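One structure below.
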Amino acid sequence: MGDAAVTDNTIWLLVCTVLVLLMQAGFTCLETGLVRAKNTINVAIKNVADFCVATLAFWTVGFGLMFGATLGGVIGTSYFMFNPGPFDGPSSAWLMAFFFFQMAFCGTATTIVSGAVAERMSFRGYLLTALVLSAAIYPVFGHWAWGGFGMTGQEGWLQGLGFIDFAGSTVVHSIGGWVALAAVLIIGPRIGRFEHADSFGKSHNTPIAVFGMFLLWIGWFGFNGGSTLAMDVSVPHIMVHTLIAAAAGGMVAMMLTWTRRGAPDAVDSLNGVLAGLVAITAPAHVVGIGSSALIGGIGAIVALGAQSLLRRRQIDDAVSAVPVHLAAGIWGTLAVALLGDPDLWGTGLTRLEQLGVQALGVAVAGVYAFGLGYIVLRVINVFLPLRVSAEAEHMGLNASEHGASTAIHDLIHAMDGQRHTGDFSTRVPVEPYTEAGQIAEQYNQVLDRVRSEMTAREQTAEQLRSARDQAELANAAKSEFLANMSHELRTPLNAIIGFSEIINKEVFGPVDHPQYREYVGDIHDSGTHLLSIINDILDLSKIEADSYELNEDELRVESVLNACSRMIRTRAESGRLKLSVEIEPELPYLYADERALKQMIINLVSNAVKFTPEGGSVSLRARLEPDGRLALEVADTGVGIDRKDLAKAFEPFSQLSSDATVYKADGTGLGLPLTAALARSHQATLVVDSAPGKGTAITIRFPNERIVKRQSAA
């Protein structure tokens with residue numbers, strides 16, 4: 001090879017290395033765009049730090065382990081810190097360019113981990129992870145697959161078997177993905193990640209993430225194009241294959257999300273592009289354009305499937321680094337044998353044999369990178385926790401890990417403080433000419449409105465309290481008035497009733513004129529009716545004033561119902577109605593006020609009798625509900641109540657008399673209101689089922705707390 005050719009190849013390698021280094025900027029933009037704002041500084045500085053660590057580690061030990069003189073195809077043994085080695089001879093320029101290029105690859109593998117563990121891994125823990133990956137895991141496997149500069153006798157053992165990984169689908173991407181998987185399994189998911197899956201983890205700045213994807217796409221041309229290590233005729237083909245695979249991956253991911261969710265998902269679409277790039281990295285030099293499109297499209301499907309699997313298993317990868325780099329990397333490595341041209345392999349293996357070697361390389365990478373990575377990180381985690389505290393995670397790693405702050409973080413902190421203290425009297429600070437400042441300004445306007453509303457509501461509440469106090473005073477005065485008036489009215493009414501009975505019985509002599517006897521009967525009935533009204537008014541008033549005293553005891557429901565039926569049976573028979581009483585056997589006892597219970601039943605049965613035409617029926621039933629409640633039901637075949645009149649039926653003194661042929665306008669109008677009030681005093685529910693012309697059924701259900709088993713009352 002002439003000096004000019006060496007110079008051309010060296011220049012080409014340097015140009016490609018610069019493109020690969022551009023991928024570091026791509027990773028930084030991608031990851032900071034996908035994480036939450038409170039962690040963007042942390043993610044960015046991790047991308048800087050891991051590249052620094054990878055550069056120094058690869059210079060001191062990594063390059064020697066990967067490309068030094070082989071020890072049985074397992075490990076390199078020379079070139080540590082470039083000594084000894086031909087780094088100052090005639091070929092030193094190309095060798096330096098080769099080191100530069102391979103160091104960029106090492107940095108790429110290391111950076112893959114940072115996105116997966118974002119938002120909860122400590123900075124110190126991440127630096128140690130980057131050191132382990134770049135100094136030991138990556139270069140050792142790299143020696144197995146790429147070692148020896150292609151010199152006979154210096155190959156790694158996988159390389160000697162015919163393993164093909166052109167630019168690192170497995171060596172770079174899967175190795176980084178395996179270590180990332182080990183790390184996320186050890187540190188666990190972010191707080192709330194799977195408890196609030198629908199609202200958690202939204203992209204902080206999708207346009208920045210997309211910009212990062214384009215930087216990676218551009219850098220990949222150096223990644224794959226430079227892996228020829230020379231500017232030859234294969235380079236344009238490799239670059240076009242790279243382009244086509246990425247485009248196919250992006251479109252397939254976009255169409256899949258569009259079909260499944262009804263809209264193309266931006267983040268999944270850009271991850272589809274990256275999955276296509278990862279997949280084509282291994283076979284880019286041995287496939288055609290059609291196969292490149294197929295490889296990229298399947299790579300996107302594999303990545304989205306792996307992403308779904310991780311979510312189902314509640315494995316938290318903040319930016320889907322594992323699905324994109326590990327899963328698509330495995331597919332790309334296998335695609336060398338499945339879709340590659342055997343004439344271009346240069347291994348002399350059949351397609352099936354080549355597939356076996358490729359699968360072996362994938363399996364070895366998983367066992368070695370994941371196994372060693374998991375063990376080492378688990379040990380580190382014992383002595384130096386890899387995960388930040390819950391408090392630091394809530395605060396955000398920008399502030400907790402670096403003492404940094406952003407306008408949006410300050411705003412969130414101020415808003416969170418108001419949430420905890422409940423003090424909304426102070427406006428939050430406004431950072432001019434920033435998005436956070438615009439949010440703060442709008443939030444302050446909301447605060448102003450909240451304070452205005454709170455003031456108005458406090459004034460309204462004060463007015464309501466004053467009105468309530470006045471109502472309570474008025475209610476107390478009403479109750480006192482009713483109590484006094486009932487006493488004043490009961491005495492003469494009882495006298496009128498008593499005198500009318502004496503006259504009617506002709507105790508002091510006969511009443512000669514029949515008209516007088518009729519008048520005496522009317523006086524007696526009117527007095528009794530008026531006394532009933534007064535008693536109902538007083539009872540209802542006491543219940544409303546919460547001063548009605550229940551005299552509660554364990555009652556036999558059968559006895560109470562039979563007594564009530566005897567009291568009302570005569571009236572039912574006089575109206576030519578059929579009155580039936582159905583009591584379920586072995587009913588439990590009911591803890592209630594006997595007088596109130598009888599009054600409820602008599603009120604309901606009386607109403608049923610009153611509103612049921614001749615020849616109809618009235619039933620009184622008692623049963624135990626499946627849920628353990630005791631139900632008393634009064635049903636009739638009467639005129640029924642229209643739905644629009646139900647509320648009116650429960651208003652005191654209301655008479656349903658809109659149609660004289662349907663509703664009878666007699667009675668006090670207090671039966672149903674008083675029954676409902678007495679039911680509430682027993683924590684019972686009252687349900688009405690009625691339809692005009694079909695009858696009415698009213699059910700009172702007493703709660704389980706008032707049910708007493710028979711043996712406890714023995």
Side-chain angles (χ1 to χ4, degrees), residues 521-522 525-526 528-537 539-540 543 560-584 596-623 625 631-680 684-702:
D522 290 343
D525 291 343
S526 298
T528 303
H529 182 64
L530 185 56
L531 183 60
S532 174
I533 293 175
I534 292 171
N535 288 334
D536 285 351
I537 292 174
D539 286 344
L540 188 60
I543 294 173
V560 175
L561 265 61
N562 288 327
C564 291
S565 68
R566 287 193 297 270
M567 295 172 64
I568 202 70
R569 187 172 296 279
T570 300
R571 183 175 178 184
E573 291 174 351
S574 66
R576 298 184 181 182
L577 303 176
K578 178 183 178 182
L579 176 64
S580 61
V581 180
E582 303 173 17
I583 304 173
E584 192 175 283
L597 182 61
K598 286 182 177 179
Q599 188 167 6
M600 286 188 279
I601 296 171
I602 291 173
N603 284 346
L604 294 179
V605 176
S606 297
N607 271 350
V609 169
K610 181 169 61 175
F611 290 106
T612 302
E614 291 183 359
S617 62
V618 176
S619 63
L620 172 60
R621 301 185 181 93
R623 64 178 182 273
E625 301 275 77
L632 303 180
E633 179 189 78
V634 176
D636 62 61
T637 59
V639 295
I641 306 173
D642 198 304
R643 181 178 297 274
K644 64 182 178 60
D645 291 324
L646 278 177
K648 184 179 179 182
F650 284 88
E651 294 178 3
F653 304 109
S654 292
Q655 296 288 343
L656 302 181
S657 55
S658 59
D659 187 343
T661 64
V662 178
Y663 302 130
K664 300 177 182 178
D666 60 350
T668 66
L670 291 173
L672 283 179
L674 183 58
T675 300
L678 290 171
R680 287 195 300 272
T685 60
L686 187 147
V687 178
V688 179
D689 182 14
S690 184
K694 295 184 179 180
T696 302
I698 299 179
T699 305
I700 301 175
R701 291 183 174 88
F702 293 88

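This one's a predicted model, so the numbers in the text were calculated from it and none came from an experiment. Numbers for residues simply follow the sequence, beginning at 1.
- Looking at heavy atoms from C-beta onward, L620 lies out of side-chain contact with L632 at the 4.5 angstrom threshold.
- The distance from the OG atom of S565 to the CD1 atom of I602 is 10.0 Å, given to the nearest 0.5 Å.
- Formation of a donor-acceptor pair under 3.5 Å by the T612 side chain with backbone atoms of D636 is not found in this model.
- Here the side chains of Q599 and L678 are in contact, with some heavy-atom distance below 4.5 Å.
- Atoms CD1 and CZ, on I583 and R621 in that order, are 12.0 Å from each other to the nearest 0.5 Å.
- We find the CD-CZ distance between E584 and R623 to be 8.5 Å, quoted to the nearest 0.5 Å.
- In terms of heavy-atom proximity, A679 sits nearest to I700 at CB-CG2, 4.3 Å.
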What's the verdict on side-chain contact (heavy atoms from CB on, under 4.5 Å) for V581 and N562, showing C-alpha distance, side-chain angles and the deciding distance? CA-CA 8 Å; V581 180; N562 288 327; 4.2 Å; yes
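- In this structure the side chain of V618 never reaches within 4.5 angstrom of the side chain of F611, judged on heavy atoms.
- Here L579 contributes atom CG and I568 contributes atom CD1; the two are 8.0 Å apart, rounded to the nearest 0.5 Å.
- Annotation: side chain of V605 is not in contact with side chain of C564 (no heavy-atom distance under 4.5 Å).
- Residues E633 and I698 form no side-chain contact, since every pair of their non-hydrogen atoms from C-beta on lies 4.5 Å or further apart.
- The salt bridge (Lys or Arg N to Asp or Glu O under 4.0 Å) test applied to R701 returns E625, not counting sequence neighbours.
- When all heavy atoms of P692 and D642 are compared, the closest pair comes out as CG-CA, 3.7 Å.
- Taking the side chain as every heavy atom from C-beta outward, I601 and T675 never approach each other to under 4.5 Å.
- When side chains are defined from C-beta on, D689 does not count as touching T696, because their heavy atoms never get closer than 4.5 Å.
- Counting heavy atoms from C-beta on, the side chains of L672 and N603 never come closer than 4.5 Å.
- For the salt bridge (Lys or Arg N to Asp or Glu O under 4.0 Å) condition, the pairs that include at least one residue of residues 596-608, sequence neighbours left out, are E594-K598.
- T699 places no side-chain N or O within donor-acceptor distance of the main-chain N or O of V687, the cut-off being under 3.5 Å.
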